[in-house]
> 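Sharing a structure below in structure tokens format, with a few things to ask.
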Amino acid sequence: MTSQTAGPRVDAARLKDEFLQLVSIPSLSRREGAIARRLEGILKAMGATVEVDDAGERIGGDTGNLLARFRGNTPSAEPLFLSGHMDTVAPADAVHPVVEGDVVRTDRTSVLGGDDKAGLVAIFEAIRTLRERAIPHGDIEVVLTICEETGLRGAKNFDVSRLRARRGLVLDVDGVAELVTRAPAANHLTVKIHGLAAHAGICPEQGLSAIEMAAAAIAGMRLGRLDAETTANLGVVEGGHASNIVPGWVTLRGETRSLDVRKLEAQTAHMRQRFEAAVADRSVQVGDRVHRAGLEIDAVRQYEPLDVPDNAAIVSLVRAAGESLGRPCRTRSTGGGSDANVFAGRGLEVANLACGMREIHSVNEWVDVKDLVVTAELVLETVRLSAVR
Ligand SMILES: [Zn+2]
């Protein structure tokens, strides 16, 4: 069952106003307390019960994740969850939105924080409209996380067994009327190479350069874009003490990502093998002591892949909602991870709905309120269809 809608049912002016209010409240990772209290107030005013978990205490932040529960008006409908994150990247100690018609930017001294406040306001406006107009909907659970931008740590510290819903949407990706159903798994690598320090002018032959060994490893390493679904990067190199000392140590940090976990593991093994080969058999004799080069590699899975089949119920619902609104919603993949990866890794059926954020993680970030309206409408219609189908 679908319905033809003459125009947006959500209130665009209210949506814009709430967006401007929320982006004006700074909410850097681990400092989401002020926005969390505001969001808690909004959710309670809309009729939800709200709980705050202990994730903040565990990761040193000033609030935990919020879980809000709304009772539906259609008891036969399955519950759905809707999620976004409360934190933003820097710079955002103060945010001064600049409004030009429907486009909201900043004065270029900060990011806008449409990532992810565009998602939050779309969720709120959809639920508000469903309730005000008594549109059919089941129970809705809203999960608002902390510290998404610093390694998805809020979501990782959220206990998904507290949710009744088994399926839902994260709203946290750029674009509009698009549904991300595939996102990579990622491994994070920390590599420490131990050489031997020596005076570079007096006795370099008594040293073993850790930086040289790192260079040899990297020279033969596949990095960057490896194929359509796989990437790798070494992003940080720290090592040595002074230009006149043969560097006795170097630490490297990097990552690899792939939509295909087998490729992820193959690339991780390749990076490991390059370091091992560069360090193997490297030694230096000083007096009667032989110093061998050493290597420590720590490879940790940061998050699991997101891989929702096109015939999954959540995908069908969003697609049907797009059709119903005359805004067809295509599915796509992304190279970035989100809380959706974490929730999917814990067995929930979840996809990531684009929510109108643009040029994110930069001071040029902007949002078009018309995109927020489309997003809120899509959420509303998805929840409605889930109740009436
Ligand atoms: Zn985000």
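Keep in mind that this is a model prediction, so the values were computed, not measured. Atoms within each ligand, like the ligands themselves, are counted from 1 in listed order. Numbering of residues begins at 1 and proceeds along the displayed sequence.
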> Which atoms form the tightest heavy-atom contact between Glu125 and Thr129, and what is the distance?
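Reported closest heavy-atom pair: O-OG1, 2.7 Å.
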> Tell me whether Asp116 has at least one N, O or S atom under 2.8 Å from the Zn ion (ligand 1).
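Here the distance criterion (N, O or S atom, under 2.8 Å) is not met by Asp116, so no.
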> When you look at Lys370 and Asp102, which way does the salt bridge (Lys or Arg N to Asp or Glu O under 4.0 Å) test go after all the steps?
CA-CA 7 Å; Lys370 290 193 284 297; Asp102 276 339; 3.5 Å; yes
> Between Ile25 and Ala34, what is the shortest heavy-atom contact and its length?
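In terms of heavy atoms, the two residues are closest at CG2-CB, 4.1 Å.
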> Could you walk me through whether Gln206 and His199 pass the side-chain hydrogen bond (donor to acceptor under 3.5 Å, both in side chains) test, one step at a time?
CA-CA 8 Å; Gln206 294 182 6; His199 194 293; over 6 Å; no
> For the Zn ion (ligand 1), find the closest N/O/S atom belonging to Asp115 and write down its atom name.
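Nearest N/O/S atom of Asp115: OD1.
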> Would Asp172 count as a contact for the Zn ion (ligand 1), in the sense that one of its N, O or S atoms lies under 2.8 Å from it?
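Here the distance criterion (N, O or S atom, under 2.8 Å) is met by Asp172, so yes.
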